[in-house]
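Labels below follow one simple rule: chain letters A, B, ... track the order of the sequence lines, proteins then strands, and each chain is numbered from 1.
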Number of protein chains: 4
Amino acid sequence: MQVLKEEVRSAILLAAYEEFRQSGYSEASIRRIAAAAGMTSGNIYRYFRNKEDLFDAIVGPLYSEYSRYAQEYLQTAEGIVTGGWDVQARTIFFERVQATLIGLLMASGPSLLLLLCRSEGSKYESIRSELTGFVESLLTKTFSAAKAAAGPLNENERIEIGMLSATLIEGVAWIAAKYHDSERLGTLVEQLIDVFGGGVEKRLLVYRDLNG
Amino acid sequence: MQVLKEEVRSAILLAAYEEFRQSGYSEASIRRIAAAAGMTSGNIYRYFRNKEDLFDAIVGPLYSEYSRYAQEYLQTAEGIVTGGWDVQARTIFFERVQATLIGLLMASGPSLLLLLCRSEGSKYESIRSELTGFVESLLTKTFSAAKAAAGPLNENERIEIGMLSATLIEGVAWIAAKYHDSERLGTLVEQLIDVFGGGVEKRLLVYRDLNG
Amino acid sequence: MQVLKEEVRSAILLAAYEEFRQSGYSEASIRRIAAAAGMTSGNIYRYFRNKEDLFDAIVGPLYSEYSRYAQEYLQTAEGIVTGGWDVQARTIFFERVQATLIGLLMASGPSLLLLLCRSEGSKYESIRSELTGFVESLLTKTFSAAKAAAGPLNENERIEIGMLSATLIEGVAWIAAKYHDSERLGTLVEQLIDVFGGGVEKRLLVYRDLNG
Amino acid sequence: MQVLKEEVRSAILLAAYEEFRQSGYSEASIRRIAAAAGMTSGNIYRYFRNKEDLFDAIVGPLYSEYSRYAQEYLQTAEGIVTGGWDVQARTIFFERVQATLIGLLMASGPSLLLLLCRSEGSKYESIRSELTGFVESLLTKTFSAAKAAAGPLNENERIEIGMLSATLIEGVAWIAAKYHDSERLGTLVEQLIDVFGGGVEKRLLVYRDLNG
DNA sequence: GATGAATGAGCCTTCATTCAT
DNA sequence: CATGAATGAAGGCTCATTCAT
C-alpha cells in the first residue's frame with residue numbers, strides 16, 4: 001500500500017511526539033521514532049532535515065503562537081495598568097493571567113508539554129525563562145502599583161517577583177507534564193493561580209498599610 | 001604540570017559540577033569534564049570510580065543529610081498533628097516546613113541544584129518526587145484537618161494537593177538553581193512558603209464555612 | 001560498495017571466526033573484526049547485538065547440539081552399565097564414546113574449535129570441564145566395574161580418572177583446533193580413543209588379577 | 001624501612017607469578033601485581049622493562065633450560081634408535097620420555113605452569129607446539145622402527161603421531177595447571193605416559209604382524 | 001519514496017606505560 | 001628509590017546522519 005506523503009509525515013510527527021514526551025529532546029532516539037512510525041530512520045530525513053527540525057515541526061507553531069500571545073497580552077496589560085491598579089484591577093489581572101495560561105494550555109494541545117518540559121537540549125530550552133519573564137513583568141506592575149507612593153521596587157522585591165513568576169511557570173509546566181485532559185489542566189492552573197493570587201494579596205497588604 | 005592530589009580532585013569536582021549543571025547527569029561528558037579540568041579523561045578514574053561515583057561525590061552528602069532531615073521531620077510533624085490542627089498548629093507547620101527546607105538549602109550550597117534539577121538518569125532522579133511526596137503528606141494533613149467533619153478528601157482535592165506540593169518543590173528547585181548565597185536562598189524560600197501559606201489559608205476558608 | 005545483507009553477515013561471521021580463533025573470546029576486538037570484514041565497528045551491531053551475541057551465532061548452535069547429544073548419551077550409557085560391564089560392554093562403551101564425539105565433531109565444522117579452545121571469558125567457558133565431567137563419569141563406571149569386588153575407587157584412582165578424562169578432551173580440542181575436514185577429524189578421534197582404550201585396558205589388568 | 005633491591009624484585013616476581021597464574025599473560029594486570037607486591041605500578045618499571053620482560057624473568061630461565069634439555073635429549077634418543085628399536089628399546093624410550101618430562105616438571109617448580117598454560121599472548125605461546133614437536137620426533141622414531149621393512153611413514157601415520165604427541169603435551173599441561181605438588185605431578189605424568197604407552201603398543205602390534 | 005547498510009564521532013571505561021616529583 | 005599522577009590508545013557500544021540502491 002503506497003502511503004501518501006502527508007500521512008507519512010503525520011505518522012512521524014505522532015511517533016516523534018510520543019518519543020519526545022517519554023525521553024525528552026536529548027535522549028529521544030530517531031530510530032525509535034522511525035520504528036514506532038513503521039519505517040526506517042533514513043526515511044525520516046526525507047521529511048525533516050534533522051532531529052531539531054523534527055522537534056521544531058511539533059513545537060515551533062506553538063512557540064510562534066505563544067510569542068504572538070505574549071506580545072498582545074503585554075499590551076492589554078499595559079491598558080489595565082493605565083486604568084489604575086486597585087484590588088479590582090488586580091482581580092482582573094489575575095483572571096487575565098489565568099485565562100491566558102489556560103487558553104494557551106487548552107489551545108496548544110499536547111505540544112505545550114514538549115515545549116515546556118521536554119525541550120532541554122533543543123533551541124527552545126529557554127522557553128521557561130521567557131514565560132517567566134512574561135509573568136514577571138505583570139507581577140512587577142502589580143507590586144509597583146501596590147507600593148505606589150512607597151517608591152520603586154528595590155532589589156529584594158524584584159528578586160522575589162522573579163522567584164514567584166518562575167515558580168508559577170514551573171507549576172504550570174508540572175501540570176502540563178502530568179495531566180493532558182484539558183478540563184483537568186484548566187482546573188489545576190486555576191487553582192494554582194488562585195493560591196498564588198491569595199498569597200500575593202496577603203503579601204501586598206503590607207504595602208497597603210504603608211500607603212494608607 | 002604536576003599538581004597535588006587534592007587540588008586535582010577539587011579541579012575535577014569543580015569541572016564536574018559545571019558540566020552536570022549545564023548538561024545534567026545523563027548528558028554530561030566525562031571527556032568534557034576532563035578537558036575543563038585540564039587533563040585526560042582516564043585520569044578522572046584515578047579519583048572517582050565512574051561517572052556515578054563522581055556525581056555521588058557532589059550530591060551524595062547532601063542526599064544523606066536530606067534523608068536524615070526528612071525522617072526527623074516526619075516524626076515531628078506527627079507530633080504536631082496529634083495535638084490538633086487549628087490555625088495555630090498550621091502556622092507552626094508552615095514555619096516548620098520553612099525551617100526544614102531552608103536548613104537544607106543553607107547546609108547544601110550549590111549541590112542542591114544538581115540533586116534537584118540535574119539528576120535525571122542517576123540514582124537520585126526520584127528526589128523531587130520524594131520531596132513532593134513529603135510535602136504532600138503534610139498538606140494532606142492540613143486539608144483533612146481543615147475539612148474535618150466535612151468528610152475525607154475527594155479525588156479533586158487530592159490532585160490539587162499533589163499539584164501544590166509539586167509546585168512548591170519546583171519553586172524551591174528553581175531557587176536552588178539560581179541562587180547559591182545561603183541568605184538569599186533562605187529569604188526566597190521563606191517568601192515562597194509565605195505566599196503558598198497565604199494562598200492555601202485562603203482556600204481553606206471555604207471549609208471553615210462548611211464546618212461552621 | 002553497497003553489499004547485500006546476507007553477504008555482509010557472512011563476512012562478519014568469517015572475520016569474527018578468524019579473530020576469535022586467533023585471540024580468543026576475551027581478547028578479540030570488535031574493531032579488528034570490523035576492519036577485517038571491511039566495515040566500521042558500529043555496523044557490526046546492526047547484525048549482532050553485542051560481542052557475546054556474535055560469538056553465540058558461531059558456537060551457539062553447536063553447543064545446543066552438544067547438549068542434546070550429551071543428554072542422550074548419558075541415558076544410553078546407563079543402559080549399558082545395567083547390563084554388566086565386562087570386556088564386551090567396555091568395547092561397546094568405547095565405540096559409543098567414539099561415535100558420540102565423532103558425530104559431534106563432524107556435525108560441527110570449524111566452530112568446535114572456538115567452543116572448545118577459544119571460549120574463555122564467554123558463557124561457554126565451562127564446556128571443557130563439562131565434557132571432561134561427562135567422560136569422567138563414564139570412565140568412573142569402567143574402573144568401578146573392573147575393580148568390582150576390590151572395593152570402591154580410592155582418591156588416587158579418582159584423580160587418575162580425572163586426568164585421563166581431561167587429557168582425552170584436551171586431545172579432542174587440539175584435533176578440533178587443527179583439522180576441520182570432518183573425515184580427518186573422525187579418524188583422529190577414533191585413533192585417540194583407540195590409544196586411550198588400549199592404555200586403559202592395560203591398566204585395568206591389574207584389577208583383573210586382584211579380582212581373580 | 002628501606003627495602004633492598006633484591007627483596008623488592010622478589011616481591012614483584014612472587015606477586016607477578018600469582019597474577020599470571022590466575023589471569024594468564026594477556027589478562028594479567030600490572031596494577032594488581034604492584035598492589036599485591038605492596039608498591040606502585042610505576043616502581044615495577046624500575047625492575048622490569050615491561051610486562052613481557054616481567055613474564056620473561058619468571059619463565060625465561062625455564063625456557064632456556066627446556067631448550068637445553070630438549071637438544072640433549074634428542075641426541076640421546078638418537079643413540080637409542082641407533083641401537084635398534086625393539087620392545088626393550090621402546091620401553092627405555094618411554095621411561096626416558098617419562099623421566100624427562102617428570103624431571104622437567106619437578107625441576108621447574110611452578111613456572112612450568114605459566115610457560116605451558118598461561119603464556120597466551122606472550123612470545124612463549126608457541127611452547128606447547130615446540131614440546132609437541134619434541135615428543136613427535138620421538139614418536140616418529142618409534143613408529144618408524146616398528147614399521148621397519150613396511151616402509152616409511154605415510155601421511156596418515158604422521159598426522160596420527162602429531163595428534164598423539166600434542167595430546168600428550170596437552171595432558172601434561174593440564175596436569176601442571178591443576179596440581180602443584182611435585183609427587184602428585186610425577187605420579188600423574190607417569191600414569192598418563194603409561195596409558196599412552198600401552199595404547200601405542202597396542203596400535204603398533206599391527207605393524208609387528210605386517211613385519212612378521 | 002523508501003530502505004537500511006554504513007559511517008564516524010562520540011560515549012564510558014581500562015590499562016600499560018611514562019615521568020615529574 | 002619510589003611514588004602516583006597523568007597519558008594515550010584501546011576496549012565495547014550507541015546514535016544521528018548519509019547515501020547507494
Margin query: I'd like to know if the side chain of D:Arg118 reaches the main chain of D:Arg21, judged simply by a donor and an acceptor atom lying under 3.5 Å from each other, with no hydrogens or angles considered.
Written below: yes
Next item on the list: Please state how far atom CG in B:Asp53 lies from atom P in E:dC12, giving the value in whole angstrom units.
Entry: 15 Å
Notebook entry, point to check: Does E:dA9 pair with anything, Watson-Crick or G-U wobble, both distances under 3.5 Å, and if so, with which nucleotide?
Noted result: F:dT14
Next item on the list: For D:Glu52 and E:dC15, give me the distance from atom CD to atom P, rounded to whole Å.
Entry: 19 Å
Next item on the list: Could you say whether C:Ala28 or D:Gly38 is positioned toward the 5' end of DNA chain F, judged by the nucleotide with the nearest heavy atom to each?
Entry: D:Gly38
Notebook entry, point to check: For D:Ser41 and E:dT17, is the shortest distance between a side-chain N/O and OP1 or OP2 below 4.0 Å?
Noted result: no
Check: Expressed in angstrom and rounded to an integer, what is the separation of A:Ile44 atom CD1 from F:dC15 atom C1'?
Finding: 13 Å
Note to self: Ignoring hydrogens and geometry beyond distance, is a side-chain donor-acceptor pair present between B:Glu130 and B:Tyr66 at under 3.5 Å?
What the structure shows: yes
Next item on the list: Would you confirm whether B:Ser122, through its side chain, and B:Ser119, through its main-chain N or O, come within 3.5 Å as a donor-acceptor pair?
Entry: yes
Check: Just how far, in rounded Å, is C1' of E:dA2 from CZ of A:Arg9?
Finding: 17 Å
Item checked: Rounded interatomic separation in angstrom, taking CD1 from A:Ile33 and P from F:dC15 -> 12 Å
Item checked: Residue met sooner reading DNA chain F from 5', once A:Lys51 and C:Arg49 are mapped to nucleotides -> C:Arg49
Check: Are side-chain N/O atoms of A:Asp56 and A:Tyr63 paired as donor and acceptor at under 3.5 Å?
Finding: no
Item checked: F:dT21 - base-pair partner by Watson-Crick or wobble geometry, distances under 3.5 Å -> E:dA2
Margin query: Less than 4.0 angstrom between a side-chain N/O of A:Arg46 and OP1 or OP2 of E:dA2, yes or no?
Written below: no
Check: What nucleic acid atoms does A:Arg32 come within less than 4.0 Å of, heavy atoms only: base, sugar-phosphate, or nothing?
Finding: nothing
Margin query: By the definition salt bridge (charged side-chain N to carboxylate O under 4.0 Å, His left out), identify the one residue from D:Glu18, D:Glu19, D:Glu27 that meets it with D:Arg32.
Written below: D:Glu19
Note to self: From the set F:dT3, E:dT13, E:dT17, return the single nucleotide nearest to any side-chain atom of D:Thr40.
What the structure shows: F:dT3
Checklist line | Side chain of D:Val8 - closest among F:dA2, F:dA5, E:dC12 | finding: F:dA2
Note to self: If you compare every side-chain N and O of D:Tyr45 against the phosphate oxygens of E:dT17 (OP1, OP2), does one of them come in below 4.0 Å?
What the structure shows: yes
Item checked: Value in whole Å for how far the C1' atom of E:dT13 lies from CG of B:Asn50 -> 9 Å
Next item on the list: Could you tell me whether the side chain of C:Arg31 has a donor or acceptor atom within less than 3.5 Å of a complementary atom in the base of F:dG12?
Entry: yes
Margin query: Looking at A:Pro110, is its backbone amide N or carbonyl O close enough to the side chain of A:Tyr17 to form a donor-acceptor pair, meaning the two atoms are under 3.5 Å apart?
Written below: yes
Next item on the list: Specify the separation, in whole Å, of atom CD of C:Glu27 and atom P of F:dG11.
Entry: 10 Å
Item checked: Separation of atom CZ in A:Phe48 from atom P in F:dA16, rounded to whole Å -> 16 Å
Margin query: Please confirm whether the shortest side-chain N or O distance from A:Ser29 to OP1 or OP2 of F:dA16 is below 4.0 Å.
Written below: yes
Notebook entry, point to check: Hey, is the side chain of A:Asn43 poking within less than 4.0 Å of OP1 or OP2 on E:dT3, counting only N and O atoms?
Noted result: yes
Notebook entry, point to check: Within the pair B:Tyr47 and F:dA6, is there a side-chain N or O less than 4.0 Å away from OP1 or OP2?
Noted result: yes
